[in-house]
Number of protein chains: 2
Amino acid sequence: MATIKQVAKRANVSVATVSRVMNNNGYVSAEAREAVERAIAELEYAPNRVARSLFTKTSGLIGLIMPDITNPFFPQLARAIEDVANQHGYQVVLCNTDEQLAKEQSYLVALQTMHVDGLIITTNHSDNPNYEKLELPMVALDRIVKSGIDAVISDGYEGGRLAAETLLNCGATRLAHIGGPEQLQTVKRRTDGFLDVAGDRLVGMTHSSFTFKEALTAAQTLFDEHWPFDGLFAANDVIAAAVLQEAVRRNVRVPQDLQVIGYDGIELGEMTSPPLTTISQPIYEMGRRATERLLDLIEKKETVTKEILLPVTLTERQTTIRKGHDT
Amino acid sequence: MATIKQVAKRANVSVATVSRVMNNNGYVSAEAREAVERAIAELEYAPNRVARSLFTKTSGLIGLIMPDITNPFFPQLARAIEDVANQHGYQVVLCNTDEQLAKEQSYLVALQTMHVDGLIITTNHSDNPNYEKLELPMVALDRIVKSGIDAVISDGYEGGRLAAETLLNCGATRLAHIGGPEQLQTVKRRTDGFLDVAGDRLVGMTHSSFTFKEALTAAQTLFDEHWPFDGLFAANDVIAAAVLQEAVRRNVRVPQDLQVIGYDGIELGEMTSPPLTTISQPIYEMGRRATERLLDLIEKKETVTKEILLPVTLTERQTTIRKGHDT
DNA sequence: ACTTGATATGTAACCGGTTACACATTATGA
DNA sequence: TCATAATGTGTAACCGGTTACATATCAAGT
């Protein structure tokens, strides 16, 4: 790899001049510029970002902290973040924390010492003494933070309401629900919204983590203890998929005997049989907005904290019965 | 953030001594060491990796180049890579290329100028003039490279054979197949293995990309043009999921009327109804091995090129009929 | 007593950029 | 014509580490 010194030599100028043409600032004569550009081309020079980083104290790196990329909600988010970051010349460093404080902590110092320019955080610690004292620009994604940290979330409460209303509109009268991990506030809101509309039409409810295996157990419990019900809202699509599978195992027909609505709008929902009706979060959009916000924080040095709330929508597929199309 | 100079001052030693205790090399007296350690603790000093990087020309970063993290095969791979990297003190930079040469190219220079220590490549270009001339340590994952680049792949040919044998053993007599994108060599091998065993028992075959939507179209075509068949092998699990969905739409019972085997062993396979029998690649293991190999290349400066071939296994779920358990 | 090797520590160069500052040279305006 | 501003360029300091080298002390060996 060529260095700026070699370029300078070849172009018969000083390193300062080379740096000026690279960064397009300061005065440079037309001849000098041309000579430098030729030298750059000939040597295939690309400036060393580490060296630049040392002086400028910016790295062009943003840290992405998530619980587990393997959870099907996150890849889309990561993709959106990476896309936007890349479009602006940034790279993203991926960090899986498994919601473990120790891992998170160690990533945090690693990221800081490598001078990342900002952080996007999608982990859901209730107890995190970490972030507040960090001076890095950062935005929380799908996650509620107490203090003055920017956040991008979608409207879980409204989503829960929408799910309940939809089931009711589609003719369900006995509602059931499987909620997510109770410490996740964004997820709890979905449950709150659902329950507020369901009222005493709720006949059964349980909770589950977001792993398929546990969801399957939760579904079994729900069927065992509260059957019959004819409308079910799951706190996310993975849980809904488990419900669907358990339903066929029990010869419960979906949507004729039981209507099901999931939450998230991940691709998995298209792949189940039948395809899953769900409350879609604008996942890609959330990632995009979070990243754009972060870049504003980094580059424009914005200071006011903002919370961005995105609307959710109903994606009707085939686990609910369309009004006026009853089978 | 404290600097080494501040630590040195506080401990009444020179920066050299501080550096020596940090890196545990050279001679340091017990008293000096202790003073330095106390100063480090008091200042919460963590060395600036950028500065270190500039001198040592290593960054502790490894670049992960994949087509699209959104494709459900990749998150597990990414996870494995990240885990192993992290255990060894490395971070990973995520790059989605969409198989576009331009994007790949631009990532490559970005990664080089930031001095990543190595590369893991899971893109499947047939034409890539890039990598060979790079002097970075790198390993290809799930991807076949001509020249002297290390690779970790699983035994697709044997997997294809295994799929065919399993279907045959389970009583299928009229076989069908949906292959993957034809330019992907690792995927083509699955088809080869399957066809070699299937022989003239194959009654129909088509191809599809790995997106669910296209897979659905391919499945429809196959049913339209070649039905009936009673055993189907799909080049990956996403395609298999599409087949399953199309089957219920046509009131084809799985596995009674049609047995289906997928490929990959991603979690999606557990979530379909019924759960999918599939040829499992050791995905996490592949990521792990690739990363370990890369770290050997980086740290031990190994030079001999190695190709690691991992075995696949049959994961029997409910889209095939167990021998001796015929329904 | 004197050489020698091990131990201990500091100074300064270096990694490859950026930029403050000094110093020219040329253009502009009165 | 001359002061002043705009333009153009190089030198060297700086970012925060690592390490070669010089130097100093001390114990061991002869």
Side-chain angles (χ1 to χ4, degrees), chain A residues 1-40 43-61 89 109-117 135, chain B residues 1-40 43-61 89 109-117 135:
Chain A
M1 296 239 75
T3 71
I4 199 175
K5 220 174 282 185
Q6 296 171 327
V7 173
K9 191 170 191 181
R10 185 169 195 116
N12 273 313
V13 297
S14 72
V15 294
T17 300
V18 177
S19 180
R20 286 187 193 108
V21 344
M22 292 293 307
N23 299 301
N24 230 315
N25 61 19
Y27 294 111
V28 181
S29 68
E31 309 89 72
R33 162 161 283 121
E34 206 194 324
V36 169
E37 274 163 359
R38 188 168 39 241
I40 287 174
L43 296 174
E44 296 184 29
Y45 170 69
N48 183 327
R49 277 172 66 175
V50 176
R52 172 177 284 173
S53 200
L54 181 57
F55 188 90
T56 61
K57 293 176 178 346
T58 73
S59 59
L61 253 26
V109 334
L111 292 173
Q112 269 188 296
T113 60
M114 72 205 288
H115 277 274
V116 297
D117 295 336
E135 292 149 13
Chain B
M1 296 239 75
T3 70
I4 199 175
K5 221 174 279 183
Q6 295 172 328
V7 174
K9 191 169 191 182
R10 184 168 196 120
N12 274 314
V13 297
S14 71
V15 294
T17 301
V18 177
S19 182
R20 286 187 193 107
V21 344
M22 293 291 308
N23 300 300
N24 230 316
N25 61 20
Y27 293 111
V28 180
S29 68
E31 310 89 72
R33 161 161 284 119
E34 207 194 324
V36 168
E37 274 162 358
R38 186 167 43 240
I40 286 174
L43 296 174
E44 296 184 29
Y45 170 68
N48 183 326
R49 277 171 66 175
V50 176
R52 173 176 284 173
S53 201
L54 181 57
F55 188 89
T56 61
K57 293 176 178 342
T58 72
S59 59
L61 251 26
V109 334
L111 293 172
Q112 269 188 296
T113 60
M114 71 205 290
H115 276 274
V116 297
D117 294 336
E135 291 149 13

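Per chain, numbering begins at 1; letters A, B, ... match sequence-line order.
- Under the side chain to side chain contact (heavy atoms under 4.5 Å, CB included) criterion, B:Asn25 pairs with B:Arg20, B:Asn23, sequence neighbours left out.
- Pairing each heavy atom of A:Val28 with each of A:Val21, the nearest pair is CG1-CG1, 4.0 Å.
- When heavy atoms are screened at a 4.0 angstrom cut-off, B:Val28 is found touching the sugar-phosphate backbone but no base atom.
- Among residue pairs with one or both ends in residues 46-57 of chain A, none qualify as salt bridge (charged side-chain N to carboxylate O under 4.0 Å, His left out); sequence neighbours excluded.
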Residues 6-13 of chain A, side-chain donor-acceptor partners within the protein, below 3.5 Å, at least two apart:
residue, atom, partner, partner atom, Å
A:Gln6, OE1, A:Thr3, N, 2.9
A:Arg10, NE, A:Glu42, OE1, 2.5
A:Arg10, NH2, A:Glu42, OE1, 3.1

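- How far CD of B:Glu135 is from CE of A:Met1: 9.0 Å, rounded to the nearest 0.5 Å.
- Using a 4.0 Å heavy-atom distance criterion, B:Val50 is classed as making no nucleic acid contact.
- Nucleic acid contact class of A:Ser19 (heavy atoms, under 4.0 Å, all strands): base.
- When all heavy atoms of A:Lys5 and A:Val15 are compared, the closest pair comes out as CA-CG1, 3.9 Å.
- The nearest pair of heavy atoms linking A:Met22 to A:Ile40 is SD-CD1, 3.4 Å.
- For the helix from C:dA1-D:dT30 to C:dA30-D:dT1, the rotation axes defined at the first and last 5 base pairs enclose an angle of 50°, given to the nearest 10°.
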message: Using a 4.0 Å heavy-atom cut-off to protein, can you give one letter per nucleotide of nucleotides 23-29 of chain C, 5' to 3': B if the base is in contact, S if only the sugar-phosphate is, - if neither?
response: -------
Would you list the protein and nucleotides 5-7 of chain C atom pairs, both N or O, that sit under 3.5 Å from each other?
residue, atom, partner, partner atom, Å
C:dT7, OP2, B:Tyr27, OH, 2.5

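- Close approach of DNA chain D to chain B, defined as any atom under 4.0 Å from a non-hydrogen atom of the protein, starts and stops at D:dG16 to D:dA20.
- The heavy-atom pair separating B:Pro47 from A:Thr113 by the smallest distance is O-CB, 3.5 Å.
- No side-chain heavy atom of A:Leu61 sits under 4.5 Å from any side-chain heavy atom of A:His115.
- With values rounded to the nearest 0.5 angstrom, B:Asn48 atom CG is found 8.0 Å from A:Ser53 atom OG.
- Residues passing the side-chain hydrogen bond (donor to acceptor under 3.5 Å, both in side chains) test with B:Thr56, sequence neighbours excluded: B:Thr58.
- When the nearest nucleotides of DNA chain C are assigned to A:Met1 and A:Arg20 by heavy-atom distance, the more 5′-ward of the two goes with A:Met1.
- Nearest-nucleotide assignment on DNA chain C puts the 5′-proximal partner with B:Asn12, out of B:Asn12 and B:Leu54.
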